[in-house]
Amino acid sequence: MEKQKEHPEQQIQIPLAELIKIRWGKVKELLSKNINPYPYRFERTHLIQQALDKFDEYAKEETVLRLAGRIMLKRKMGKSFFADIRDSSDRIQIYIKLDTVGKEHFDLFNTLDLGDIIGCQGTLFVTKTGEKTLRVSEFQLLTKTIHPLPDKHAGLTDKEQRYRRRYADLIVNPEVREVFIKRTEIIQTIRNFLNEQGFLEVETPILQPIYGGGMALPFKTHYNKLNRDMYLRIADELYLKRLIVGGFDKVWEYCKDFRNEGIDRLHNPEFSMIELYWAYADYKDMAALFEKLLRDVVYHLHGTYKIPYGEYEIDFEPPFKWITMLDSVKEKTGIDFSPLSFDEAKREAKKIDVASDDLINKGKVIEAVWEAHVEPNLIQPTFVADFPVEISPLAKKHRDNDALTERFELFIATMEMGNAFSELNDPIDQLKRFLQQGKAIEAGDKEAQPLDDDFITALSYGMPPTAGLGFGIERLVMLLTNQHTIRDVLFFPQMKEMGDGSVPVSKILAEMIEETSKDEQ
RNA sequence: GGGGGUGUAGCUCAGUGGUAGAGCACCUGCCUUUUAAGCAGGGAGUCGAAGGUUCGAUACCUUCCACCCUCACCA
């Protein structure tokens, strides 16, 4: 304490800086011995898993293997070391003996830290205690780690740190990898399925002059050269339908979408959807296809149709339940909203404790009642069909009822897992719906959709009858991997800016570099 | 946005109105088939940030920040 007062330029002591300084000292020591702490390549012959798979054979034939990985544990036993190294496939113990590697390399190994990445050459054997081990004849430091790893057995448990420093999370909590590997498998299976069904994978703009295709607030940005505001897309719908107009019959896109809304267990501002559009089909065809797709993905991933999700067991064996929105509301509340006027609907909603004062039309009232009384009960896969026209501005009116649209949403474990319609292809009707949305915007509905003139133009060229579907990838991955927060299925979830108090590693390093250059002068 | 909780060493966590603790990690020494290796010694802290109460605050109070849980709302 006294010293610090005498030397204010020393400022705050950061213990991390001490640890980094020691390691950087090792780097400089290596450089002075002409050893590159960051060499360029290492000729690897096997993944660790491959070595373990054929362990007996390799051990017996004394096959020389070259493995590489990160040092996770290190045990010194006098004139020998044991260490555990891990690569992307598995972990293995290595054995380093003074007599075998020589004093120079033995001393080098002595300076290595947990986290350092090395390449080793050697043969396989089993230790006295029965552990499969690589007897190292030579090794090379491949990357010096200057930041210490989290605790070697407790790992990194602080969720905030795990999300902010996903790399550290992945290093010490390898089981995290599994969810993300499954995420990729899920997307791959869907891609294969859609390709086999003849859907063409396409790409459409993320940066858009006007946003649309969903109910959401967009991110706004500015394009300097054109001096105009642009939006990050909230959905792909309107562009994909333009492609149907252009003559593609089956198109789909893996879409990154952006919505300027809150962050919580189910929402991240940047997320992924898959949207597909299918000409000459209607929403029932799409429901059948979606069911088939999900069945395929679930079976591919789990080898069964029944999967656990939290306390539930979800059964993906088709056919899924199909119920209309109004019937489901009637079933749960006893109220038939279909013949009611807007005001009557509001009164009925109030009776069952659904706040509807701010709602601007009957469709919104029905939706609110449905969300309060039906949605929370939808555990097993259920198609909810035929939404009110006011809340479905891009869907075709129901062939039997003008107040409704041919639309379904799929619900599983109370989560919305997909949204589809018989697409509205009548340009006059579509324009009217946009104009209605315009009124909703004026009435304060921030999520209502703006008029897209070019989309109306496209529809006026004629879009064949078309079914469209969109579904959120994160939700699906959560469901199929039994994860309950979206942040656990995103490598880098959006986080708020960190509060004061933490010193970035770059600052610690910059100060060290400066000190060193002072010393050299 | 409401309610509840958390924030102390690089990591995992104790703790207290009166000099800041442990394990792991790190440094030194011993140990040539170990197993979260062991043994001996050592260094390391703006106790999330700011303000207040107090002779004295990491602890008590206020405000703020981040994260977690929960309710409401949008995918």
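Chain identifiers are assigned alphabetically (A, B, ...) following the order of the sequence lines, protein sequences preceding nucleic acid strands; residue numbering begins at 1 within each chain.
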Side-chain donor/acceptor of D151(A) to base of G10(B), under 3.5 Å:
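Counting by modelled atom types and ignoring angles, no donor-acceptor contact under 3.5 Å is found here.
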Please determine whether any donor N or O and acceptor N or O are separated by less than 3.5 Å between the side chain of S80(A) and the base of U33(B).
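No.
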Quick one: is the NZ or CZ of R407(A) closer than 6.0 Å to the six-membered ring centre of F387(A), and within 45° of its axis?
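Ring-cation test returns yes.
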Just checking, any donor-acceptor pair under 3.5 angstrom between side chains of S89(A) and Q49(A)?
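Side chains of S89(A) and Q49(A): no pair found under 3.5 Å.
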Starting at [atom1] of [X] and ending at [atom2] of [N], how long is that distance when rounded to a whole Å?
{"X": "R259(A)", "N": "A75(B)", "atom1": "CZ", "atom2": "P", "value": "7 Å"}
{"X": "D116(A)", "N": "A25(B)", "atom1": "CG", "atom2": "C1'", "value": "13 Å"}
{"X": "K21(A)", "N": "A44(B)", "atom1": "NZ", "atom2": "P", "value": "13 Å"}
{"X": "E371(A)", "N": "C73(B)", "atom1": "CD", "atom2": "P", "value": "7 Å"}
{"X": "K256(A)", "N": "A75(B)", "atom1": "NZ", "atom2": "C1'", "value": "14 Å"}

Quick test of your reading of the model: are E29(A) and K26(A) salt-bridged, counting only N-O distances below 4.0 Å?
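No, E29(A) and K26(A) are not salt-bridged.
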What interatomic distance, in whole Å, is found between [atom1] of [M] and the corresponding atom of [N]?
{"N": "A22(B)", "M": "G15(B)", "atom1": "C1'", "value": "10 Å"}
{"N": "C39(B)", "M": "G17(B)", "atom1": "C1'", "value": "40 Å"}
{"N": "U8(B)", "M": "G23(B)", "atom1": "C1'", "value": "15 Å"}
{"N": "U35(B)", "M": "A25(B)", "atom1": "P", "value": "14 Å"}
{"N": "A59(B)", "M": "C26(B)", "atom1": "P", "value": "33 Å"}
{"N": "C74(B)", "M": "G4(B)", "atom1": "P", "value": "25 Å"}
{"N": "C13(B)", "M": "A20(B)", "atom1": "C1'", "value": "14 Å"}
{"N": "G45(B)", "M": "U58(B)", "atom1": "C1'", "value": "11 Å"}

With respect to the phosphate group of [N], does any side-chain polar atom (N or O) of [X] fall under 4.0 Å of OP1 or OP2?
{"X": "K152(A)", "N": "C11(B)", "answer": "no"}
{"X": "R23(A)", "N": "G10(B)", "answer": "no"}
{"X": "K26(A)", "N": "C27(B)", "answer": "yes"}
{"X": "T127(A)", "N": "U34(B)", "answer": "no"}
{"X": "T157(A)", "N": "C13(B)", "answer": "yes"}
{"X": "K496(A)", "N": "C64(B)", "answer": "no"}

Is [X] touching bases, backbone alone, or none of the nucleic acid, heavy atoms closer than 4.0 Å?
{"X": "R135(A)", "value": "base"}
{"X": "I22(A)", "value": "sugar-phosphate"}
{"X": "M415(A)", "value": "nothing"}
{"X": "D257(A)", "value": "nothing"}
{"X": "Q93(A)", "value": "base"}
{"X": "G155(A)", "value": "sugar-phosphate"}
{"X": "F125(A)", "value": "base"}
{"X": "L16(A)", "value": "sugar-phosphate"}
{"X": "M273(A)", "value": "nothing"}
{"X": "T485(A)", "value": "sugar-phosphate"}
{"X": "D158(A)", "value": "sugar-phosphate"}

Paired with [N] by Watson-Crick or G-U wobble geometry, both distances under 3.5 Å: which nucleotide is it?
{"N": "C55(B)", "result": "G18(B)"}
{"N": "G38(B)", "result": "C30(B)"}
{"N": "C67(B)", "result": "G5(B)"}

For D84(A), what residues pass the side chain to side chain contact (heavy atoms under 4.5 Å, CB included) criterion, not counting sequence neighbours?
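L73(A), R75(A), R91(A), Q93(A).
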Would F320(A) and F290(A) count as a ring-ring contact (aromatic ring centres under 6.0 Å, His included) here? Give the steps.
CA-CA 10 Å; F320(A) 301 163; F290(A) 194 23; 7.9 Å; no
What do you reckon, do F271(A) and the base of A75(B) stack, with centroid distance below 5.5 Å and planes below 30°?
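Answer is yes, a stack.
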Nucleotide nearest E261(A) (side chain, heavy atoms from C-beta), chosen from U33(B), A75(B), G10(B)
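Selected nucleotide (nearest to the side chain): A75(B).
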On RNA chain B, compare the nucleotides closest to H267(A) and L114(A); which residue's is nearer the 5' end?
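Final value for this comparison: L114(A).
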RNA chain B contacts among residues 70-78 of chain A, heavy-atom distance under 4.0 Å
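The stretch gives L73(A), R75(A), K76(A), M77(A), G78(A) as the residues lying under 4.0 Å from the strand, ordered by number.
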Checking F81(A) against F106(A) for the ring-ring contact (aromatic ring centres under 6.0 Å, His included) test, could you report, in this order, the C-alpha distance in whole Å, the side-chain angles of both residues, the deciding distance, and whether it holds?
CA-CA 9 Å; F81(A) 280 103; F106(A) 188 80; 5.1 Å; yes
Nearest 0.5 Å, what's the CD1-CZ distance between I48(A) and R86(A)?
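Spacing of CD1 (I48(A)) from CZ (R86(A)) equals 9.0 Å.
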